[in-house]
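Comments concern the structure below.
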Amino acid sequence: MEPIVFTPRLYQQRYNFVVSYVDQYKPKKVADLGCSNCSLLRRLKFCDCIEELVGLDIDQRLLTDKKESLKPLLISYLEPKKTRLTVSLYHGSVTEKDPALIGFDLITCIELIEHLETHDLDKFQDTLFGFMAPHTVLVSTPNSEFNVLLPNLTGFRHLDHKFEWTREEFQNWATNIAQCYNYSVEFSGVGEPPANAKDVGFCSQIGIFTRNYTESEESLKEKREYKHIYKKVLNVVYPSLQDEKYLQQAVLKKAISYAYNMKRELLRRLFPREEEEQEETVSIEGQNTSWLVSSDFSHHEPEKPAEEGTYIEPFLQGSTVHIPMEILFRNPKVKELCGNFQVLKRMISEDDSVTSDENSVLFDVDLENDFDITGLQ
Ligand SMILES: C[S@@+](CC[C@H](N)C(=O)[O-])C[C@H]1O[C@@H](n2cnc3c(N)ncnc32)[C@H](O)[C@@H]1O
Ligand SMILES: [Mg+2]
């Protein structure tokens, strides 16, 4: 029998299933039970909707080894997300009740249940559906009917599996739970069988449980009072635009590079290099060329005064280029980040790396050396 090759790999298809669910339903609080080497968590941390991401596993060594991989990368500091993301890892058992896992929108259990002994499975289902009671649960487990297609397989797919269920067995288990804990359940899967063996079903079967009720504040309050028994292995808050420090960095990066480009454009227009001047003249032949400003910089005045003392065009005064803040606020990204003009003004004026007066960002220009204003260059 030919070995079956899944593309993408089967485990990736399971993760893709979860990520597609997250993309579609945008849960904010997500936990992965039996998170193992944290591979799924590493993918989920890029989902912008998630604000709290938690992993739980009974294997402490694995969590300790992998926790570094969940810390923010340099890019997270350079491009902070809009929402604040907290990532935590806990060492503990899915059979134990701990308030750290209540109030979640989504809890995933990917290839976990078949690793639990029957008495632990009973405790687990009460902990998950009765205590944690998230809005949605995704459970994946092997479909034993698919095993006939796996060459050389004797027994279970993994040495640590305590059972492998047919579709009927899994669906009976899931339907009973749904009834008992007031959830609805639907079934799906990943790992398509080959065309000539469609009747065996997916290689991994998946149950999607959705809670039918809204949990009361009173019930949540009661659960919050349970003793904490999981051991925290990691708790890290990602940089985000919710933090003033990172918001200011992002605003400055956008606003100052925009201001810098305007400065360059203004100087290019005031002091065109010979070849550029010719190019510009050729390209706009037959059109009005009066904007090609004279290089007599000392007499260059701002074009349109807005209110008294405020100018809405960049201008050169002496050897300083003024880029009025109103112009910076016209940049859509700057506007989106700041929300209002006063925030932009405050962020720019508070930062020591930017020279500004009340109304403008200022750039000093070395006119003699950088531009041919004397005709000697
Ligand atoms: C097959 S691995 C699943 C890995 C991961 N979910 C994935 O899809 O890549 C099963 C994981 O469940 C964990 N596990 C087993 N029993 C557990 C328990 N009682 N509580 C928490 N985790 C448990 C194991 O340590 C292991 O990391
Ligand atoms: Mg397994």
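For clarity, every value in this text was computed on a predicted model and none was experimentally measured. Counting starts at 1 for both ligands and their atoms, in listed order. Side chains included, hydrogens not; waters and symmetry mates left out as well; all remaining heavy atoms used.
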Pair D57-S36, side-chain donor/acceptor within less than 3.5 Å: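 The answer is no; no qualifying pair exists.
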R43 side chain to N16 side chain, donor-acceptor N/O pair below 3.5 angstrom: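 The answer is yes; a qualifying pair exists.
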In the protein, which heavy atom is nearest to [atom], and how far is it?
atom                    : answer
atom 21 (C) of ligand 1 : I58 N, 3.4 Å
atom 2 (S) of ligand 1  : E111 O, 3.9 Å
atom 12 (O) of ligand 1 : L112 CD1, 3.4 Å
atom 4 (C) of ligand 1  : S36 CB, 3.3 Å
atom 8 (O) of ligand 1  : I110 CG2, 3.3 Å
atom 1 (C) of ligand 1  : H115 NE2, 3.2 Å

Regarding ligand 1, does [X] bring an N or O atom to under 3.5 Å of one of the ligand's N or O atoms?
X   : value
G34 : yes
C35 : no
S93 : yes
Y15 : yes
V94 : yes

Backbone or side-chain N/O/S of H161 under 2.8 Å of the Mg ion (ligand 2):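 Coordinating: yes.
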Student check: side-chain heavy atoms of K81 and Q242 closer than 4.5 Å: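 K81 does not reach Q242 side chain to side chain.
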Side chain proximity check, T355 to T320, heavy atoms < 4.5 angstrom: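 Heavy-atom side-chain distance check fails, nothing below 4.5 Å.
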Plane angle bin for Y183 and F209 - parallel if under 30°, tilted between 30 and 60°, otherwise perpendicular: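 F209 vs Y183 ring planes: perpendicular.
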NZ or CZ of R211 within 45° of Y213 ring axis and under 6.0 Å: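 Judged by the rule, R211 and Y213 form a cation-pi pair.
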Lys NZ or Arg CZ of K263 over F363 ring: under 6.0 Å, within 45°: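 Yes.
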Evaluation steps, ring pair (Phe, Tyr, Trp, His ring centres under 6.0 Å), between Y11 and Y15: CA-CA 6 Å; Y11 76 95; Y15 299 164; 5.6 Å; yes
Distance, nearest 0.5 Å, that separates CG of L56 from OG of S93: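 Here the rounded value is 7.5 Å.
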Verdict with reasoning, Y181 to L128, per side-chain contact (heavy atoms from CB on, under 4.5 Å): CA-CA 10 Å; Y181 295 96; L128 175 58; over 6 Å; no
Atom nearest to the Mg ion (ligand 2) - E114, N, O or S atoms considered: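 Per the distance ranking, E114 contributes OE2 as its closest N/O/S atom to the Mg ion (ligand 2).
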Atom indices of ligand 1 within 4.0 angstrom of G92 heavy atoms, with elements: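 By the 4.0 Å cutoff, the relevant atoms are 20 (N), 21 (C).
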Those atoms of ligand 1 less than 4.0 Å from some heavy atom in D59: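 By the 4.0 Å cutoff, the relevant atoms are 25 (O).
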Closest to atom 27 (O) of ligand 1 among I113, L116, D57, V18 (heavy-atom distance):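 Residue with the shortest heavy-atom distance to the ligand atom: D57.
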